[in-house]
Amino acid sequence: MKKFNKDRRNCLTGLQSLYQSFDPVVSINSGQVFLWEKRGNSWYGVHGDRIVRFAQMIDGHAEFAAFPEDRLCEQKMFRMGDDVRAIFSEISRDPLVRRLVRTYPGLRLMRQEPHQCLFSFVCASNTNIPMIRRMLYTLTRKFGRPVHVDGIEFFTFPSASDINRASIDELRACGLGYRAKAIKAAAGAIATGQLDFDVLKSTGYEEAKKELLQVYGVGNKIADCVLLFSLEKLDAFPIDVWIARALAGHYRWLHKKKFGDKITPHQYEQLSESARDYFGRYAGYAQQYLYYHMRQSAGKKW
DNA sequence: GTACAGGCAGTAT
DNA sequence: ATACTGCCTGTA
């Protein structure tokens, strides 16, 4: 009897800490955001037209600040309104994800500024993470606004019209290569109002995705990333090469025909739909755990 | 030198 | 529908 109570208590506290132990550092380093850097004991990030700072204190509690100040910023960015208990319970119907949720405590989805998110993932096409960071860093230095925090100069993420004002050659000079044309197209779509993120936030997944796909340079993968990371579509399930590998390795039964880590657009649609159906309304959360796991297993630092 | 990295559009079958 | 190609750029 005594033993039972003890085990039960451990079990409960274990679950509680699992639900509460959000770790920004793990999440920041999980490949969903790019413009964060550690200086001293603090992490600094670019969030649209703000610089944010996150610091873990010695006693364990965390301190967050936005410059200029924004009291709701922390809640929004770190998705503190999400019912993680419900989310974990839902995605843990899958045994592998169930294990990963426990293996990587603290990993969460973050909420990004839509325009920063779109530009980031357009830059991400056919390259690696250090390169993506370099491109975005250069974009901020060239077209963003300087903000000084703790005596360090940071640059905000440029607005769509900031970027739209630049020529393709100027964008190219940021190291974007052939992506410059797509960046310019995206900036134009936003600046002219053809792409309206506020509208897309309130429409369903299918409708919002259709709109994003209209933009030159935006395909299935980029659209799903933007939907998941910035437009409140937690059921979006982006498939990059890492997720394709995960699906091919652990979820072959999701698709009738053979597939590898290079998938055709048609295979993408089939697989993504099956995965959304299987993992449920929080499929995007499951995706993040799978993604992180695949990269960890491959020994990727970035 | 050359293969490769978190895709995409264009073109030809 | 599917296959194939080229594409900027830095690193191994």
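Checking C:dA1, B:dG6, C:dC7 against every side-chain atom of A:H266, the shortest atom distance belongs to C:dA1. For A:M131, the listed nucleotide lying nearest its side chain is C:dG10; candidates were C:dT2, B:dG7, C:dG10. Here the side chain of A:K221 is nearest to one of C:dT2, B:dG6, C:dC8, namely B:dG6. When distances run from any side-chain atom of A:I222 to the nucleotides B:dG7, B:dG6, C:dC8, the shortest one goes to B:dG7.
A cation-pi geometry, defined here as NZ or CZ lying under 6.0 Å from the six-membered ring centre and within 45° of its normal, holds between A:R276 and A:Y205. A cation-pi arrangement is present between A:R252 and A:F259, with the terminal nitrogen or guanidinium carbon under 6.0 Å from the aromatic centre and inside a 45° cone about the axis. By the 6.0 Å and 45° rule, A:R53 does not stack over the aromatic ring of A:W43.
Here A:R172 lies in heavy-atom contact (under 4.0 Å) with sugar-phosphate atoms only. At the heavy-atom level, A:R134 lies under 4.0 Å from the strands shown only through sugar-phosphate atoms.
The CH2 atom of A:W302 sits 20 Å away from the C1' atom of C:dA12 (whole-angstrom rounding). In this structure, CG of A:D169 is placed 11 Å from P of C:dC8, rounded to the nearest angstrom.
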Identify the pairs formed between an N or O of the protein and an N or O of nucleotides 9-13 of chain B at a distance under 3.5 Å, and give each distance.
unit_1 : atom_1 : unit_2 : atom_2 : d
B:dA9  : OP1    : A:G217 : N      : 3.1

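Rounded to the nearest Å, the gap between the P atom of C:dC8 and that of B:dT11 is 15 Å. Taking atom P in both B:dG6 and C:dT2, the straight-line distance is 26 Å, to the nearest Å.
Interface remark: the A:Y178 side chain does form a donor-acceptor pair with the B:dG7 base, using a distance-only criterion of under 3.5 Å.
Listed pair A:R295 / B:dG6 meets the phosphate criterion, a side-chain N or O lying under 4.0 Å from OP1 or OP2.
Using a cutoff of 4.0 Å between basic side-chain nitrogens and carboxylate oxygens, A:R172 and A:E170 are not scored as salt-bridged. Between A:E37 and A:R39, at least one side-chain N (NZ, or NE/NH1/NH2) sits under 4.0 Å from a carboxylate O, which counts as a salt bridge.
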Would you please test A:Q32 and A:S30 for side-chain hydrogen bond (donor to acceptor under 3.5 Å, both in side chains) and show each step?
CA-CA 6 Å; A:Q32 50 181 320; A:S30 71; 3.1 Å; yes
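Counting only heavy atoms from C-beta outward, the side chains of A:K209 and A:N220 approach each other to under 4.5 Å.
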